[in-house]
Number of protein chains: 2
Amino acid sequence: MLAAERRDHLLGLLAREGKIVAKDVAAALGISEDSVRRDLRDLAAEGLVQRVYGGALPVSPAVVDYAARQTVAPDSKRRVAAVAAGLVRPGSAVILDGGTTALAVAQALPPELECTVITHSPTIAVALLDHPTAEVFLLGGRVFKHSAVAYGAAAVEAAQNVSAEVCLIGVTGVHPEAGLTTGDAEEAAMKRALAARAADTYVLASAEKIGTASRYRVLPWAEVSGVITDAAPDDAVVEQVTGQGVEVLFAG
Amino acid sequence: MLAAERRDHLLGLLAREGKIVAKDVAAALGISEDSVRRDLRDLAAEGLVQRVYGGALPVSPAVVDYAARQTVAPDSKRRVAAVAAGLVRPGSAVILDGGTTALAVAQALPPELECTVITHSPTIAVALLDHPTAEVFLLGGRVFKHSAVAYGAAAVEAAQNVSAEVCLIGVTGVHPEAGLTTGDAEEAAMKRALAARAADTYVLASAEKIGTASRYRVLPWAEVSGVITDAAPDDAVVEQVTGQGVEVLFAG
DNA sequence: ACATTACATGCAGAAACGTGCAACAATGGG
DNA sequence: CCCATTGTTGCACGTTTCTGCATGTAATGT
């Protein structure tokens with residue numbers, strides 16, 4: 001990340017959020033707090049920001065848009081997302097399904113991680129515009145409002161032209177016998193197409209989905225490499241899944 | 001690799017990614033960092049790039065700031081967008097290019113209007129999730145951070161499978177002789193592919209773009225149905241354009 | 001009052017920079 | 001055809017700039 005670029009980023013952040021917290025920015029960008037402080041000092045010298053203890057504020061505190069606040073995912077989702085993000089190796093490609101947990105994964109990708117993200121979710125594509133190094137490949141198709149992702153024939157066809165090391169998919173049901181399930185047939189087909197293009201498929205399964213099943217099957221256990229969940233390790237259902245030869249990663 | 005070719009490559013890269021890192025470009029092209037630095041120095045002398053430590057940035061980094069994308073468009077853009085939205089007939093399909101003005105068009109579509117929106121901008125796709133009736137078809141491809149749209153070979157290919165009544169495109173230059181121009185060759189090709197799939201092509205041209213030209217031509221006037229602008233009707237350039245047989249719609 | 005956090009300063013390693021120089025290719029007379 | 005000139009490219013060198021860590025100090029909060 002270029003120094004000048006970082007300064008632009010700070011100004012954009014200030015315009016968007018109305019304030020800058022040095023510590024948070026440093027963590028978000030993966031740089032030291034010293035650099036942020038130096039940048040803020042310089043920007044303040046140019047009169048572009050107002051330096052305050054702990055960060056900076058806009059010079060004219062009048063016009064602040066708090067509307068565009070990014071909503072923060074709940075803790076459980078964030079923990080699952082953090083583990084999932086850890087599966088993405090530098091230089092590799094990852095297929096990201098839609099849904100809020102997958103979005104959390106995108107936001108959890110370390111800023112310095114160079115990787116390719118393949119997704120059929122425009123929401124995730126937009127979220128990753130902020131990411132300094134991630135390359136995004138968007139799978140097109142008809143966009144469905146309720147799930148906010150592209151699927152259907154065109155999207156499935158587009159998926160045939162990509163491949164990746166890892167695929168991270170979200171489902172509505174995770175059941176020992178039924179496997180992974182979801183509530184819509186087209187959606188199931190799309191997820192299946194995505195999983196087929198990756199060497200390993202991991203499922204993002206927050207605790208409340210464990211043990212439930214929906215109408216349409218996405219994948220049988222045989223085609224799943226692992227499940228990432230925040231459920232308890234001694235959960236009966238989880239143990240049954242483990243018995244199917246599926247790796248279970250716990251996001252404690 | 002020719003020197004001039006290299007310079008074009010740098011300008012394209014800057015338009016696509018929003019930044020140039022000297023070290024990375026040198027590695028990617030297999031040339032020395034010195035050559036890249038020399039090119040950047042020359043381009044900066046011509047005012048085409050802004051030289052910074054480690055690479056270069058666009059001359060006006062504010063033009064496509066992601067923060068600005070999210071906030072409300074200025075009045076002039078909103079007026080242009082309103083006129084453009086009026087071109088979309090109920091039940092018809094419209095191809096929407098990327099950019100802030102096109103986003104404003106998406107936001108200006110009346111909620112009760114049933115239409116199909118075809119776009120290569122994930123930002124617009126997300127914005128239209130709110131729209132109750134609009135059907136969105138997303139064109140996939142590699143997503144470029146700086147312009148926040150998908151283009152490249154895959155996106156152009158995806159565009160071949162759609163068609164629409166109207167195409168609304170944004171450009172960086174609108175010039176009587178040069179026609180419509182933009183700063184990146186790939187981007188120009190994408191816009192061209194979009195325009196080719198619609199019966200009528202209209203250009204979103206806020207006043208400041210009138211009379212300017214960039215390096216790469218998108219379309220000649222013969223292939224443009226009309227221009228939507230907030231420039232003055234008696235503007236000399238506008239009158240020249242009208243003389244080319246192009247309809248000019250004023251967003252007063 | 002005390003612990004915690006933020007800050008400034010100094011320092012060292014790393015990275016980027018500019019300059020000069022030599023090798024090389026292209027152009028243009030002679 | 002040959003040679004000189006010009007311009008470009010990559011390398012080597014010393015210099016400047018940046019960055020993160022460590023230290024000590026100031027500000028804040030409990």
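Every chain is numbered from 1, with letters handed out A, B, ... down the list of sequences.
Atom OH of A:Tyr53 and atom P of D:dA26 are 12 Å apart (whole Å). Rounded to whole Å, the distance from CZ on A:Arg51 to C1' on C:dC7 is 8 Å.
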Exercise. Can you check side chain to side chain contact (heavy atoms under 4.5 Å, CB included) on B:Val80 and B:Thr229, steps first, answer last?
Worked result: CA-CA 6 Å; B:Val80 170; B:Thr229 184; 5.7 Å; no
Exercise. Would A:Glu165 and A:Val94 satisfy side chain to side chain contact (heavy atoms under 4.5 Å, CB included), going step by step from the backbone distance to the final call?
Worked result: CA-CA 6 Å; A:Glu165 279 81 5; A:Val94 58; over 6 Å; no
For this session: Begin from the C-alpha positions of B:Arg142 and A:Val136 and carry the test side chain to side chain contact (heavy atoms under 4.5 Å, CB included) through to its verdict.
Result: CA-CA 6 Å; B:Arg142 168 110 146 72; A:Val136 178; over 6 Å; no
Problem set entry | Trace of the salt bridge (charged side-chain N to carboxylate O under 4.0 Å, His left out) decision for A:Glu114 with A:Arg89 | CA-CA 9 Å; A:Glu114 290 191 25; A:Arg89 308 264 46 103; over 6 Å; no
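When atom types are taken as modelled, the side chain of B:Thr119 and the backbone of B:Leu96 share a donor-acceptor pair closer than 3.5 angstrom. The backbone N or O of A:Leu2 sits nowhere less than 3.5 Å from a side-chain atom of B:Lys19 that would complete a donor-acceptor pair.
Taking A:Ala44 as the reference, A:Val49, A:Arg51 meet the side-chain contact (heavy atoms from CB on, under 4.5 Å) condition, with sequence neighbours excluded.
The nearest heavy atom of DNA chain C to A:Val21 and to B:Lys23 marks one nucleotide each, and the one closer to the 5' end goes with A:Val21.
Of all the residues in residues 33-40 of chain B, B:Asp34, B:Arg37 reach under 4.0 Å from DNA chain C with at least one non-hydrogen atom.
Two end axes, each from the C1' atoms of five base pairs, can be drawn for the helix from C:dA1-D:dT30 to C:dG30-D:dC1; they diverge by 30°, to 10 degrees.
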